[in-house]
Undergrad: 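A single structure is presented below for examination.
On a predicted model such as this, the values are computed, not experimentally measured, just so you know. By convention in this document, chain letters (A, B, ...) are assigned in the order of the sequence lines, proteins followed by strands, and residues within each chain are numbered from 1.
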Protein chains: 2
Amino acid sequence: MAQQPMYRRIAEDLRLKIESGVLPAGKQLPTEGELSEEYGGASRNTIREAIRWLSSRRLVGTQPGRGTFVAEQVKQFNVPLNRPIESEAFEAAVREQGRVPRMDPPKVEVQSAGAELVSELQVEPGSSVVIRHQERFIDGGPSSLQTSYYPMAFVDGGAVELLQAKDITKGATKYVEEKLGIKQAGYRDRLRVRSPNAGEVTFFGVPDDGTVLMVVTNRTAYTAEGKPIRFTVTVFPADRNDFIFESGRVPPLDSSN
Amino acid sequence: MAQQPMYRRIAEDLRLKIESGVLPAGKQLPTEGELSEEYGGASRNTIREAIRWLSSRRLVGTQPGRGTFVAEQVKQFNVPLNRPIESEAFEAAVREQGRVPRMDPPKVEVQSAGAELVSELQVEPGSSVVIRHQERFIDGGPSSLQTSYYPMAFVDGGAVELLQAKDITKGATKYVEEKLGIKQAGYRDRLRVRSPNAGEVTFFGVPDDGTVLMVVTNRTAYTAEGKPIRFTVTVFPADRNDFIFESGRVPPLDSSN
DNA sequence: AACGATTTGTTCGTATGTATC
DNA sequence: TGATACATACGAACAAATCGT
């Protein structure tokens, strides 16, 4: 029975201290030098391996120049999948959970459709697509990045507000329905977990060490005839969000949870 | 403008080679010693930092004694959230996607309810709970771990098969309804991402470095009166599964995707 | 079955860089 | 500005896993 490497045993010992409350959330760990002494003169590199193991599990966080701290438990936000994901729905969901929403005005762009969009929106390769991008915040901190894609044909058909860099107050879905008579009959979400890209690391302020992951929800909305009318990508940090999906009749969700 | 550390630049260079196809999936990278020479005599530790960066993003995988290999793309499985999650539904979903399901017979256990179960099942603290645990496989590889919890009162009331370590062919939900007249009216899923525990690392055969995460779906099923009747936890490796949720009317999902 | 060669994993020591207070 | 603490980088040695002989 081979025993575990030293850094692993040290990490395990620290993990127990954290989970048992000897080292409470927010508390600073001894410095690497101190831990080195504490654990029988193990090399500072070995201590760093142990801390890295804890860090990759988000049990601790390191801050250059300050120290290593036991991770604070972050309050989870419940992302309701059964509801619309437009601005008003986001605001309502956040307020329901007793928190404060904020949204930047959308950035609008026109690009030619790449492979994914061609498949999701069923448009011609290289045809123009309207992109509406919005940054969202909860309690002043970054919450999510949302990007919606519409066929340019919608704008040509009269839905010109899609090109304006401001919120469509009545909701883009309703707006498209009123302007073009294109009515949403349903949608499909696909949730996937992946590493953040450079822009997401910046926006969310997460460490760039591959430990924090993102949940990406791809929502494709369809008409009754099965024609896709919108493709929306929303990116959330995986460690601060739960995704709630309800089917049939269920009692209301206790928002304290 | 501070430039990036060397290990990061090396990692970025290797990342480009991987993403551009110079290093195709499955290909072995040069050994650490060779890379050390390639990158201007950088120390082997620095090379290892670069590889660690790639590894934490699942771009490469290392195998002691063998080498470092570009990660193979794993075929995603679509987990349908709109459907039941009992054995038959799992089998059907897997077959629909052209793959081969397998399930071990369930392990049954009785435990006293801890805090989470007390809250989810609304049972008395310390009261007995029936636990049914099942391991599931797709194409011979580990797919998911599912654990369902029922109040012991169901067994006392006559649903004795809940205690037997074999599949309830008609489905546990239907069985409970027939035996006890307790009818499921709806359910709520909560998806959350976390690190695997020791048992999950073993079962799924994933590296224990905190890089591979799990998606846990907690499903609580309710009666029309809002009484919880079942609590089910299913654990999936985050990198091999997409979670699909449909609302309203949507065209069928192309299972090739 | 045993051994040696190869490759990654662990541990040490040391020096210097950079962020914070 | 100096002191402190984590981050990067180097060099070295040995351990452990793998594979072919």
Undergrad: Taking only N and O in the side chain of A:Thr68, is any of them less than 4.0 Å away from OP1 or OP2 of D:dA5?
TA: no
Undergrad: In whole angstrom, give the distance that lies between atom CZ of A:Arg52 and atom C1' of C:dG9.
TA: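 My rounded result for the distance is 13 Å.
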Undergrad: Counting only side-chain N and O atoms of A:Arg66, is one of them less than 4.0 Å from OP1 or OP2 of D:dT4?
TA: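 No, no such contact exists.
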Undergrad: Can a donor-acceptor pair under 3.5 Å be found between the side-chain atoms of B:Arg44 and the base atoms of C:dG9?
TA: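 Indeed, a donor on one side and an acceptor on the other fall under 3.5 Å apart.
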Undergrad: Kindly indicate whether the side chain of A:Leu191, heavy atoms from C-beta on, has any atom under 4.5 Å from the side chain of A:Leu81.
TA: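 Yes. Closest side-chain heavy atoms under 4.5 Å.
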Undergrad: So which nucleotide from D:dG11, C:dT8, C:dT10 ends up closest to the side chain of A:Pro5?
TA: C:dT10
Undergrad: Rounded to whole angstroms, how far apart are CD on B:Glu49 and C1' on C:dT8?
TA: 14 Å
Undergrad: Within this structure, what is the CG-to-P distance between B:Asp208 and C:dG9, rounded to whole angstrom?
TA: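 Going from B:Asp208 (CG) to C:dG9 (P), I get 14 Å.
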Undergrad: Of all the choices, D:dC10, D:dA7, C:dG9, which nucleotide is nearest to the side chain of B:Asn45 once you look at every atom?
TA: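 Out of D:dC10, D:dA7, C:dG9, the nucleotide with an atom closest to B:Asn45's side chain is D:dC10.
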Undergrad: In whole angstrom, give the distance that lies between atom CE of A:Met6 and atom C1' of D:dA16.
TA: 16 Å
Undergrad: Measure the distance from CD1 on B:Ile47 to C1' on C:dG9 and round it to the nearest whole Å.
TA: 16 Å
Undergrad: To the side chain of A:Tyr7, which of C:dG9, C:dT10, C:dA19 is closest?
TA: C:dT10
Undergrad: Let me know the distance between OH of B:Tyr39 and C1' of D:dA9, rounded to the nearest Å.
TA: 17 Å
Undergrad: Verify the contact: side-chain N or O of B:Thr62 to OP1 or OP2 of C:dT7, cut-off strictly under 4.0 Å; return yes or no.
TA: no
Undergrad: D:dA5 base to A:Arg48 side chain: any donor-acceptor pair below 3.5 Å?
TA: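 By the distance-only test, no, there is no pair.
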Undergrad: Starting from P on D:dA9, measure out to CH2 on B:Trp53 and report it in whole angstrom.
TA: 14 Å
Undergrad: Can you confirm if the aromatic rings of A:Phe236 and A:Phe204 lie within a centre distance of less than 6.0 Å?
TA: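 So the answer is no for these two rings.
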Undergrad: Measure from CD on A:Gln63 to P on C:dT20 and round the result to the nearest Å.
TA: 9 Å
Undergrad: Which nucleotide in the list C:dA19, C:dG13, D:dC10 gets nearest to the side chain of A:Ser43?
TA: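 Output: C:dG13.
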Undergrad: Determine whether A:Arg192 and B:Gln76 make a side-chain contact, defined as any pair of heavy atoms from C-beta on separated by less than 4.5 Å.
TA: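 SC-SC contact between A:Arg192 and B:Gln76 confirmed.
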Undergrad: At under 4.0 Å, does any side-chain N or O of A:Thr46 touch on OP1 or OP2 of C:dT10?
TA: no
Undergrad: Do the side chains of B:Asp104 and B:Arg136 get close enough for a salt bridge, i.e. N-O under 4.0 angstrom?
TA: no
Undergrad: Any idea which heavy atoms bring B:Leu59 and B:Ile18 closest together, and the distance?
TA: O-CD1, 4.2 Å
